[in-house]
K.L.:
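Right, I'll just put the structure down here and ask away after.
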Amino acid sequence: MATLAVALTGNPNTGKSTIFNELTGARQKIGNWPGVTVDKKVGYTRYKDRAISIVDLPGTYSVNARSPEEKIVIDYLMNNKLDLVMDVVDSSNIERNLFLTVQLLEQGIPLLIDLNMQDDAERRGIRIDVKKLEEAIGMPVVETVGRSSKSTRKLLDVFTDTVMSQYHVSAQVQEHIDRVQAIRAKDIPDSSKEEALIEARYELIDKIMAQAVNTEHVSQSVSEKLDRYLANGFLALPIFLAILYAVFQITFTWIGQPIADALDDVINTDFVAFMTDFLTDAGVADWLVSLVCDGIIAGVGAVLTFVPLIFVLFFCLSFLDGTGYMARIAFIMDPIMRRCGLTGKGVMPLMMGFGCGVPAIMGARALDSEKDRMVSILVTPFLTCGAKLPIMALFAAMFFPDQAANVVFAMYIAGVVMAIVAAKCLGATVFRDKGSTFLLELPPYRLPDMKTVLLETWDKGKGYLVKAGTIIFAASVLLWVMSNYNFSGPCEIEDSILAMLGSWMSQLFVFHGFATWEAGAALLSGIMAKETVVATMGILYGAADVSTEAEDAIETAGAFMNTGMATSFTALSALAFMVFSQLYTPCVTALGTIKKEAGGWKWVAFSAVYMFVTAWLISLLVYQIGRLLGF
């Protein structure tokens, strides 16, 4: 069967991914381009006895090789043998989109030009003469409405019938290419050379527009009218906060969390009870029953209970992105985020960190620059996620009963301040040479294509299951072994390897006020999952009916008051412990996600170590300054 290799390129928000999803459906492979973490999408289909492979290249405004996306696009197009390169152009923004088209033609890349979103262009009064556009450029031109499957499927006929070797650039385009080569050969500063190239490109675009595009009766679009309220003026920020609150509630209260709670009950109650009875009745050794039920099922179950949150969150973000509003969020928040060392697009991943660090880290994929993406990944775990809240609530209820709400709020503020400080420091040191640019387009508002939204949700969510899940599985077995064995064999938890390591770790906190092996062991278990800090302390201190839910903090605190924990901490050392728990090494699930998103174990190690050291120093300052002040 003859094969056909096709690449899709174009600006962001041109409907390119919608076309790709429509043509390939579920026959896609999502990975990363070599050396970077930008998504690589390759899809396959068959048509007229042809096996067609389609690559969806990252959206880019130019091919100057200044960003990872730009370098990927130009390197791929120049170094791979392709039968067709289709440049997807937003017809309603054709003048801006032609800038990339001209750059690609300068590189000698033959193009099939797809005028997408023709319906939007016609509604605005933009009239494009396809035949004249072909003559002006010298390349074949087709029209599509990306959200219409019937329109998009016609592209398969175009792919199989078009022979690009039959086309050559027009005389005016060739004249422009000669002019570009002459400019590049001049002995002038690079800045002057770049200005001359941009001027030459827009001169050619002006000629093409005059020959093939009629914009005499263009009316103000619905998007421009909506942006009077959604992207400008006094109402923009409150509206954004309301939408953000709705996303947060949908994910962590209304839909995602109830499903997660139900799944948690099924796995950690019903399924664990079933497996315990089944294995016991089968005569399986007690240690193996404990390994399977308390280790593997409990650990992997912790991952699976996050799955509804992951998928609901990415559905919301993909839906918002499809409407065009995500670009407005970046525009609104950019002045504020600049002060934190990030661009406007960094606000959404950070805000999601208050619910769970895992989807927040994965949400950094939406950021354009490598610097912003990496900084966001490395500072998000400082924020107070839902798993840290039970720790804060318990200690606040026990040691600050009259000011519990204020103390918990202070922990939230501490996390935000530390994230801001860390972002500024990382941007000025580790990522100092990786400059952050902010080129933003405000695409028109439109109803999202649900097939694209669902496919994007699945693509992003399944990576969490595959990659983070494997790490959690291994960590679950390791933690079970550490808490049930010592070097002499099976034992109680207070004699286990975990207790021994907790005793060693406690030596790090001699000057922090909580140098007990129980505190050390609880903090070690917290690297597995933060909420296990409370559960581990309940086991170690012999507290009955310990709940890891924040809303049960008062009852849980009452259970702990009758144990040794009440005398192991003072109010000041409890505050230092809270600060350390707020800021130290992320949980294993978050570390696994960092491994996947950052692309290497070195970033996992860096995140674990720098956050631990930061937490150690800040909590030390809290305790020692508190002592000096007489607390």
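The analysis underlying the following values was restricted to heavy atoms, covering all of them including side chains, and did not include hydrogens, waters or symmetry mates.
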K.L.:
Out of curiosity, Lys154 NZ to Thr152 OG1, how far, rounded to the nearest 0.5 Å?
P.N.:
10.5 Å

K.L.:
Go through Val85 and Leu112 one step at a time and tell me if the side chain to side chain contact (heavy atoms under 4.5 Å, CB included) criterion holds.
P.N.:
CA-CA 6 Å; Val85 178; Leu112 168 64; over 6 Å; no

K.L.:
So which pairs with a foot in residues 99-117 pass salt bridge (Lys or Arg N to Asp or Glu O under 4.0 Å), sequence neighbours left out?
P.N.:
Glu106-Arg184, Glu106-Arg201

K.L.:
Report the C-alpha separation of Asp120 and Arg124 in whole Å, then their side-chain angles, then the decisive distance to 0.1 Å, and conclude whether the salt bridge (charged side-chain N to carboxylate O under 4.0 Å, His left out) test is met.
P.N.:
CA-CA 6 Å; Asp120 289 341; Arg124 293 194 59 195; over 6 Å; no

K.L.:
What pair of heavy atoms forms the shortest contact from Leu57 to Ala7, and how long is it?
P.N.:
CD1-CB, 4.2 Å

K.L.:
Taking Thr457 for the side chain and Val453 for the main chain, is one N or O donor matched with an acceptor at less than 3.5 Å?
P.N.:
yes

K.L.:
Enter the distance from Met611:CE to Met418:CE here, rounded to the nearest 0.5 Å.
P.N.:
9.0 Å

K.L.:
Distance check, rounded to the nearest 0.5 Å: Gln103 atom CD versus Ser62 atom OG?
P.N.:
5.0 Å

K.L.:
Between Ile113 and Met139, what is the shortest heavy-atom contact and its length?
P.N.:
CD1-CB, 4.3 Å

K.L.:
Please round to the nearest 0.5 Å and tell me the distance separating atom CD of Gln174 and atom NE2 of His168.
P.N.:
11.0 Å

K.L.:
Answer yes or no: is there a side-chain heavy-atom contact under 4.5 Å between Val88 and Met86?
P.N.:
yes

K.L.:
Would you say CD of Gln107 has more than 12 non-hydrogen atoms from neighbouring residues, nucleotides or ligands within 6.0 angstrom?
P.N.:
yes

K.L.:
Taking the six-membered ring for Trp and the single ring otherwise, decide whether the centroids of Tyr610 and Phe382 are under 6.0 Å apart.
P.N.:
yes

K.L.:
For residues 104-140, which residue pairs qualify under ring-ring contact (aromatic ring centres under 6.0 Å, His included), counting only residues two or more places apart or in two chains?
P.N.:
none

K.L.:
Got more than 12 heavy atoms from elsewhere within 6.0 Å of CZ, Phe319?
P.N.:
no

K.L.:
How about Asn116 and Glu143: does a side-chain donor come under 3.5 Å of a side-chain acceptor?
P.N.:
no

K.L.:
Report the residues that fulfil side chain to side chain donor-acceptor pair (under 3.5 Å) with Gln211, sequence neighbours left out, ordered by chain and then residue number.
P.N.:
Gln172

K.L.:
Can you sort out the partners of Ile239 under side chain to side chain contact (heavy atoms under 4.5 Å, CB included), two or more places apart, ordered by chain and number?
P.N.:
Leu230, Leu235, Ile243, Tyr325

K.L.:
Does one side chain, of Thr593 or Glu597, offer a donor that lies under 3.5 Å from an acceptor on the other?
P.N.:
no

K.L.:
What pairs with Asp56 under side chain to side chain donor-acceptor pair (under 3.5 Å), at least two apart in sequence or on another chain?
P.N.:
Lys16, Ser17

K.L.:
Would you compute the distance between atom CG of Asp90 and atom CG of Leu115 and round it to the nearest 0.5 angstrom?
P.N.:
10.0 Å

K.L.:
Tell me the closest heavy-atom pair linking Ala136 and Ser170, and the distance in Å.
P.N.:
O-OG, 2.7 Å

K.L.:
Does anything in residues 189-199 form a side chain to side chain donor-acceptor pair (under 3.5 Å)? List the pairs, not counting sequence neighbours.
P.N.:
none

K.L.:
So does Tyr445 get a backbone contact from the side chain of Ser223, meaning a donor-acceptor N/O pair under 3.5 Å?
P.N.:
yes

K.L.:
Pairs in or reaching into residues 173-211: which pass ring-ring contact (aromatic ring centres under 6.0 Å, His included), with residues at least two apart or in two chains?
P.N.:
Phe99-Tyr202

K.L.:
Keeping to residues at least two apart or across chains, list the ring-ring contact (aromatic ring centres under 6.0 Å, His included) pairs with something in residues 105-136.
P.N.:
none

K.L.:
As a quick check of understanding, evaluate side chain to side chain contact (heavy atoms under 4.5 Å, CB included) for Ile137 and Val169, giving each step before the final call.
P.N.:
CA-CA 6 Å; Ile137 298 176; Val169 295; 5.9 Å; no

K.L.:
Thr14 and side chain to side chain contact (heavy atoms under 4.5 Å, CB included): which partner among Ile19, Val89, Asn97?
P.N.:
Asn97

K.L.:
Applying side chain to side chain contact (heavy atoms under 4.5 Å, CB included), can you list everything that pairs with Val613, at least two apart in sequence or on another chain?
P.N.:
Val609, Leu617

K.L.:
Around atom NZ of Lys48, are there more than 12 heavy atoms of other residues, nucleotides or ligands at under 6.0 Å?
P.N.:
yes

K.L.:
Can you tell me if Thr101 and Asp87 form a side-chain donor-acceptor pair at under 3.5 Å?
P.N.:
yes

K.L.:
Of all residues at least two apart in sequence or in a different chain, which pass the side chain to side chain contact (heavy atoms under 4.5 Å, CB included) check with Ala5?
P.N.:
Ser53, Leu82, Asp83

K.L.:
Determine yes or no for a side-chain-to-main-chain donor-acceptor pair under 3.5 angstrom, with Thr380 supplying the side chain and Ser376 the backbone.
P.N.:
yes

K.L.:
Give a yes or no on whether a salt bridge exists between Arg127 and Glu216, defined as a side-chain N under 4.0 angstrom from a carboxylate O.
P.N.:
no

K.L.:
Hey, is the main chain of Val604 close enough, under 3.5 Å, to the side chain of Ser607 for a donor-acceptor pair?
P.N.:
no

K.L.:
For Leu4 and Arg50, which heavy atoms make the closest approach, and how far apart are they?
P.N.:
CD1-NH2, 3.4 Å

K.L.:
Is Phe20 close to Thr452 at the side-chain level, that is, under 4.5 Å between some pair of heavy atoms?
P.N.:
no

K.L.:
How close do Asn11 and Thr60 get, heavy atom to heavy atom, and via which atoms?
P.N.:
ND2-O, 3.0 Å

K.L.:
Ignoring hydrogens and geometry, is there a side-chain-to-backbone donor-acceptor pair from Ser151 to Val145 under 3.5 Å?
P.N.:
yes

K.L.:
With sequence neighbours left out, write down each residue that passes side chain to side chain contact (heavy atoms under 4.5 Å, CB included) with Lys225, or none if nothing qualifies.
P.N.:
Gln220

K.L.:
Please confirm whether the backbone N or O of Gly324 pairs with a side-chain atom of Arg328, one donor and one acceptor, at under 3.5 Å?
P.N.:
yes

K.L.:
For a quick test of reading the model, state the closest non-hydrogen atom pair linking Leu23 to Arg153 and the distance between them.
P.N.:
O-NH1, 3.5 Å

K.L.:
Determine, step by step, whether Val213 and Thr215 satisfy the side chain to side chain contact (heavy atoms under 4.5 Å, CB included) criterion, reporting the C-alpha distance in whole Å, the side-chain angles of both residues, the deciding distance to 0.1 Å, and the verdict.
P.N.:
CA-CA 6 Å; Val213 183; Thr215 58; 3.8 Å; yes

K.L.:
Test Leu84 against Met164 for side chain to side chain contact (heavy atoms under 4.5 Å, CB included), laying out the working first.
P.N.:
CA-CA 7 Å; Leu84 278 172; Met164 290 305 300; 3.3 Å; yes

K.L.:
If I take atom CZ from residue Arg46 and atom OG1 from residue Thr3, how far apart are they, to the nearest 0.5 angstrom?
P.N.:
11.5 Å

K.L.:
According to salt bridge (Lys or Arg N to Asp or Glu O under 4.0 Å), does anything in residues 132-142 pair up with another residue at least two apart or in another chain? List the pairs.
P.N.:
none

K.L.:
Tell me whether Ser318 contacts the main-chain N or O of Phe315 through its side chain, where contact means a donor paired with an acceptor under 3.5 Å.
P.N.:
no

